[in-house]
Number of protein chains: 2
Amino acid sequence: MKCIAEKSEDKIKEAAKRIFLKKGFDGTTSRDIAREADMNIALTNYYFRSKEKLFIEIFKDLMEMYYQSVVDILNKPIDIKAKISEIIENNYRMMKQEPDLVIFIMNEIHKDPERLLIKTPLYNQIKTTVFSQQLDAGIKNGTLRDIRIENILPLMTSCIEFLFLGKGIHQKIFSMTDEDFEAFAQSHKEHVKSMICHYLILEN
Amino acid sequence: MKCIAEKSEDKIKEAAKRIFLKKGFDGTTSRDIAREADMNIALTNYYFRSKEKLFIEIFKDLMEMYYQSVVDILNKPIDIKAKISEIIENNYRMMKQEPDLVIFIMNEIHKDPERLLIKTPLYNQIKTTVFSQQLDAGIKNGTLRDIRIENILPLMTSCIEFLFLGKGIHQKIFSMTDEDFEAFAQSHKEHVKSMICHYLILEN
DNA sequence: AAACATTTTAAATGGTTGTTTAAACTATTC
DNA sequence: GAATAGTTTAAACAACCATTTAAAATGTTT
């Protein structure tokens, strides 16, 4: 039936995702979405009932996409040092590939937390990861610093994500071109990996 | 003349600052501002010509407020370990007192960098701080890790700021009340101070 | 107190917003 | 192939947007 051509519903959703990510909910109009999807305005509401409903659906998708890759890595059967490196590398890759994602999520939640924060089993997911077990074991036998998983996870992601969140500011203050920033970000990533390992892993 | 009562221009600007910080440029209407300032709608444009002009003026103020306190601390005549602690404490204080500030700045710049990033002498200001000299000297005599100021500054601020940027997310995932989060943030702050010092200051 | 400049007001401007309507078109079913 | 269901369309809806107008109110200067 439909081979190449996407279904209209999907076309609208994909278009809306692009626009919402770039402009946020308030900055996006129904007409923006219709234009991007190359469809009639009425179809947005025909398929999704309202701009709000469409947004919530997309937001949930993006939120899951944001977290799933991390949870997957936390469960890998590799030692904790390699895992830290991989989490940071994954984070770096994601921020380069989808630079709008994190600022979008943070800003929308910030504007109205109640509206978007649906029930999530993420805490249990995290608490039962291989990483969590490795952390507990390491703390018990004295090879790892005594730190809760609630603290160490943000420590690993915040430095990289913050760097890209403030890309515009950093580039302006330090007069960096895009290439300069790329090199700067790489070096920063290595510092972060090294710093986290130094702090978490006790050697002597 | 006017003793208690603020001048209308200032009342509007203060009101607009509150609303812009909370809702962003796109989410704020001229009527919101007029209502918050308890003034006629037309006065916004009478004093500031347009919503855009008013916004730019406020944005510049907030941007300066964001950076000035850091630069001041960087210039204090105290040793580098105390300085790191003070920067992080100051950062923590600011994020608690003005939780909307950083996400607001980042998001507005992210949406349209050209519009907001005015020329700033901040890089020269930073490069000529006492902190910058302390860092150079410490690297030279081997007491500090070889790292550029462009890297170490974001390392100090990103962990704390990111924690508050994602306050809503963190609270939801880890099922924290406001009091829980407060305690969590405090412990996180201590980890960050410790981690940065461990990494930067070479002792042996 | 008359003349002037400044500030504030209610009302209106033209344009855009999200959403709805009802008719037209297309595909499917009997 | 007529009837039915699903999809798409242009047009319209009321509500709201930033901004402007011109008159009213207030303050200041002569």
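In what follows, chains carry the letters A, B, and so on, assigned in the order in which the sequence lines appear, proteins first and then strands, with residues in each chain numbered from 1. Everything numeric here is computed off the predicted structure, so don't read it as measured data.
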Over how many whole Å does the gap from [X] atom [atom1] to [N] atom [atom2] extend?
{"X": "Glu9(A)", "N": "dT8(D)", "atom1": "CD", "atom2": "C1'", "result": "15 Å"}
{"X": "Asp38(B)", "N": "dT7(C)", "atom1": "CG", "atom2": "P", "result": "19 Å"}
{"X": "Met39(A)", "N": "dA10(D)", "atom1": "CE", "atom2": "C1'", "result": "15 Å"}
{"X": "Leu43(A)", "N": "dA24(C)", "atom1": "CG", "atom2": "P", "result": "18 Å"}
{"X": "Lys7(A)", "N": "dA27(C)", "atom1": "NZ", "atom2": "P", "result": "15 Å"}

Can you pull out every side chain to side chain donor-acceptor pair (under 3.5 Å) where at least one residue sits in [range]? Sequence neighbours excluded, please.
{"range": "residues 170-182 of chain A", "value": "Lys96(A)-Glu182(A), Gln171(A)-Asp178(A), Thr177(A)-Glu179(A), Thr177(A)-Asp180(A)"}
{"range": "residues 68-82 of chain B", "value": "Gln68(B)-Asp72(B), Ser69(B)-Asn90(B), Lys76(B)-Glu86(B)"}
{"range": "residues 8-18 of chain A", "value": "Lys13(A)-Glu57(A), Lys13(A)-Asp61(A), Arg18(A)-Glu36(A)"}

Looking at Phe25(A), I'd like to know if the NZ or CZ of Arg115(A) sits under 6.0 Å from its six-membered ring centre while staying within 45 degrees of the ring's axis. yes
For Asp32(B), enumerate each residue passing the side-chain hydrogen bond (donor to acceptor under 3.5 Å, both in side chains) test, keeping only those at least two apart in sequence or located in another chain.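 Here the qualifying residues are Thr29(B), Arg35(B).
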Give each protein N/O atom lying under 3.5 Å from an N/O atom of nucleotides 13-20 of chain D, with the pair distance.
| unit_1 | atom_1 | unit_2 | atom_2 | d |
| --- | --- | --- | --- | --- |
| dA18(D) | OP1 | Thr28(B) | O | 3.4 |
| dA18(D) | OP1 | Ser30(B) | N | 3.2 |
| dA18(D) | OP1 | Lys51(B) | NZ | 3.3 |
| dA18(D) | OP2 | Ser30(B) | N | 2.8 |
| dA18(D) | N7 | Arg31(B) | NH1 | 3.1 |
| dA18(D) | N6 | Arg31(B) | NH2 | 3.3 |
| dT19(D) | OP2 | Lys51(B) | N | 2.8 |
| dT19(D) | O5' | Asn45(B) | ND2 | 3.4 |

Taking only the side-chain nitrogens and oxygens of Ser8(A), find out if one of them lies under 4.0 Å from OP1 or OP2 of dT8(D). yes
Name every donor-acceptor pair, under 3.5 Å, that has one atom in a side chain of residues 147-155 of chain A and the other anywhere in the protein, sequence neighbours excluded.
| unit_1 | atom_1 | unit_2 | atom_2 | d |
| --- | --- | --- | --- | --- |
| Glu150(A) | OE2 | Tyr123(A) | OH | 3.1 |
| Asn151(A) | ND2 | His188(B) | ND1 | 2.9 |

Just call it for Phe48(B): base, sugar-phosphate, or nothing, with non-hydrogen atoms closer than 4.0 Å on any strand.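 The answer is nothing, as Phe48(B) stays clear of every strand by at least 4.0 Å.
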